[in-house]
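Below is one structure, written out as structure tokens, with a few remarks after it.
As the structure is a computational prediction, the values presented were derived from the model and not from experiment.
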Amino acid sequence: MITITQEQAKAIRRKQADLSLNIEQTAKAIGITYITYKRITKGDYSTKQSVYDKVMKWFMAGY
């Protein structure tokens with residue numbers, strides 16, 4: 001399991017805000033469920049490698 005830190009969660013929430021997306025739209029864009037996305041944005045969340053990879057791929061796109 002890989003942990004998404006508080007700092008990563010904050011950056012993810014900031015990108016969501018910059019793109020003016022709601023939680024459901026962001027989760028769909030990443031390719032994860034709404035519930036998983038909510039847990040990720042709180043930080044200190046342990047997740048599978050595949051979910052971590054999806055989140056980081058989305059986060060890095062456009063930067």
Side-chain angles (χ1 to χ4, degrees):
M1 299 294 252
I2 297 176
T3 301
I4 295 180
T5 65
Q6 291 287 338
E7 293 80 21
Q8 289 170 319
K10 183 176 179 180
I12 292 165
R13 290 190 309 268
R14 174 159 295 200
K15 182 171 181 179
Q16 175 190 353
D18 288 347
L19 296 174
S20 300
L21 298 174
N22 65 31
I23 293 171
E24 293 89 358
Q25 292 168 327
T26 306
K28 186 175 181 180
I30 294 171
I32 59 176
T33 66
Y34 164 86
I35 300 299
T36 301
Y37 182 73
K38 283 184 69 172
R39 292 176 181 160
I40 286 169
T41 58
K42 292 180 183 177
D44 293 329
Y45 178 67
S46 293
T47 188
K48 297 184 294 185
Q49 180 71 46
S50 61
V51 172
Y52 182 84
D53 291 344
K54 287 178 184 180
V55 172
M56 291 302 128
K57 181 179 177 183
W58 173 81
F59 177 71
M60 295 304 293
Y63 281 111

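- Not counting sequence neighbours, the partners of S46 by the side chain to side chain donor-acceptor pair (under 3.5 Å) test are T3.
- No path of Ile, Leu, Val, Met, Phe, Trp and Tyr side chains, each step under 4.5 Å between heavy atoms, connects M1 with V51, placing them in separate hydrophobic clusters.
- The minimum heavy-atom distance between Q16 and I23, with the atom names listed, is NE2-N, 3.4 Å.
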Please walk me through it: do R14 and D18 pass side-chain contact (heavy atoms from CB on, under 4.5 Å)? CA-CA 6 Å; R14 174 159 295 200; D18 288 347; 3.8 Å; yes
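- Closest of all the heavy-atom pairs between Q25 and S20 is OE1-O, 4.2 Å.
- Scanning for side chain to side chain donor-acceptor pair (under 3.5 Å) contacts around Q6 gives D44, with sequence neighbours left out.
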Side chains of residues 28-35: which donor-acceptor partners sit under 3.5 Å, not counting sequence neighbours?
unit_1, atom_1, unit_2, atom_2, d
T33, OG1, T36, N, 3.2
T33, OG1, T36, OG1, 2.9

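- Among residues two or more places apart in sequence or in another chain, the side chain to side chain donor-acceptor pair (under 3.5 Å) test is passed with Q8 by T5, Y52.
- Scored by the side chain to side chain donor-acceptor pair (under 3.5 Å) test, Y45 finds no partners at all (sequence neighbours excluded).
- Heavy-atom minimum distance, K15 versus F59: NZ-O, 3.2 Å.
- Residue I40 holds its CD1 atom at 10.0 Å from NZ of K54, rounded to the nearest 0.5 Å.
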Start with the C-alpha distance between Y37 and E24, add both sets of side-chain angles, then the distance that settles side-chain hydrogen bond (donor to acceptor under 3.5 Å, both in side chains), and finish with yes or no. CA-CA 9 Å; Y37 182 73; E24 293 89 358; over 6 Å; no
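- The distance from atom CD1 of I4 to atom OG1 of T41, rounded to the nearest 0.5 Å, is 9.5 Å.
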